[in-house]
Amino acid sequence: MGAQEKSAVSSNSMQRVKFYRLNEDGKWDDRGTGHVSVDYMERSQEPGLFVIDEDDSKTLLRHRICPDDIYRKQEETIISWKDPEFSTEVALSFQEAAGCSYIWDNICSAQRTLHFSNLNNDTFRSSNGEMRELPAVELSTLPLILKVVTEGGLTEQMHVTELILHDAILKDEGVNIDSCEGALYA
């Protein structure tokens with residue numbers, strides 16, 4: 001990406017898109033053309049995606065960004081996901097690949113922020129959807145934590161890893177990794 005193209009993208013957070021929803025017949029309905037941005041939802045500190053119609057400035061899409069892995073970037077110019085609120089597939093088709101990358105990066109950044117803001121709560125959703133509590137991170141509970149991690153899917157493993165790394169016991173008290181390995185294999 002050239003310097004001129006990069007500065008044009010970063011100076012304008014509103015990217016031109018066509019907004020689509022998948023209908024009951026499995027066909028994509030064109031819901032309009034507008035400009036997409038990532039911003040905070042009204043009366044909330046939650047990040048959202050907004051598409052504003054380019055002709056009449058009406059809101060075509062207001063979507064709360066979800067910390068779950070529901071978003072897909074397809075090719076260079078499409079971002080799609082199944083909207084959990086409406087149980088329907090949604091797609092944004094970007095005019096420019098640079099605009100798609102810019103919004104994709106903003107979605108990923110918002111998700112990271114949501115993940116880390118949730119880390120103070122030592123619970124996570126398992127692959128079957130139930131909430132599970134992570135035991136306190138201590139040498140004596142490492143075998144149980146290992147069991148929780150190995151029983152979960154990749155998403156659960158990543159979340160549990162983040163919870164463990166965030167936990168004050170490992171960060172502030174400087175637990176020796178060799179003693180942790182000894183506790184796991186004892």
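Excluded from the calculations below are hydrogen atoms, water molecules and symmetry mates; all remaining heavy atoms, backbone and side chain alike, are included.
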Query raised in the report: To the nearest 0.5 Å, what is the distance between SG (C100) and CD1 (I79)?
Result: 4.0 Å
Requested in this report: Drop me the distance from D29's CG to D25's CG, to the nearest 0.5 angstrom.
Outcome: 8.5 Å
Query - Audit row: K18, E54, salt bridge (charged side-chain N to carboxylate O under 4.0 Å, His left out) steps and yes/no - result: CA-CA 10 Å; K18 283 190 111 16; E54 68 182 356; over 6 Å; no
Query raised in the report: Going by heavy atoms in the side chains, are L92 and L61 under 4.5 Å from each other?
Result: yes
Query raised in the report: For C66 and Q111, which heavy atoms make the closest approach, and how far apart are they?
Result: O-NE2, 3.0 Å
Report task. Could you please spell out the steps behind the side-chain contact (heavy atoms from CB on, under 4.5 Å) verdict for M41 and F50? Result -> CA-CA 9 Å; M41 304 290 282; F50 298 89; 3.6 Å; yes
Query - Side chain proximity check, F19 to D30, heavy atoms < 4.5 angstrom - result: no
Query - Worked check of side-chain contact (heavy atoms from CB on, under 4.5 Å) between W28 and N23 - result: CA-CA 6 Å; W28 290 100; N23 66 26; over 6 Å; no
Report summary line: Separation between CZ (R21) and OG (S80), nearest 0.5 Å, reads 13.0 Å
Query - Any H35 side-chain heavy atom under 4.5 Å of Q15 side chain - result: no
Report task. Step by step, work out the side-chain contact (heavy atoms from CB on, under 4.5 Å) result for F94 and I103. Result -> CA-CA 10 Å; F94 289 77; I103 294 299; 3.7 Å; yes
Query - salt_bridge(E85, R64) N-O dist < 4.0 Å - result: no
Query - 4.5 Å side-chain heavy-atom contact, T59 and I52 - result: yes
Query raised in the report: Hey, what do you get for CG (L60) to OH (Y20), rounding to the nearest 0.5 Å?
Result: 12.5 Å
Query raised in the report: Hey, are the side chains of I70 and K82 touching, using non-hydrogen atoms and a 4.5 Å cut-off?
Result: no
Requested in this report: Report, as yes or no, whether the 6.0 Å neighbourhood of atom CD on E76 holds more than 12 heavy atoms from other residues, nucleotides or ligands.
Outcome: no
Requested in this report: Flag the pair T33 / R16 as yes when at least one side-chain heavy-atom distance between them is below 4.5 Å, and no otherwise.
Outcome: yes
Requested in this report: Apply ring pair (Phe, Tyr, Trp, His ring centres under 6.0 Å) to Y71 and list each qualifying residue two or more places apart in sequence or on a separate chain.
Outcome: H63, W81
Query raised in the report: Considering residues, nucleotides and ligands other than R72, do more than 12 of their heavy atoms fall under 6.0 Å from its CZ?
Result: yes
Query - Gap separating the CG atom of L22 from the OG1 atom of T88, nearest 0.5 angstrom - result: 6.0 Å
Report task. To the nearest 0.5 Å, tell me how far L49 CG sits from N106 CG. Result -> 9.0 Å
Query raised in the report: Are V17 and I78 connected, step by step, through hydrophobic side chains (Ile, Leu, Val, Met, Phe, Trp, Tyr) whose heavy atoms are closer than 4.5 Å?
Result: no
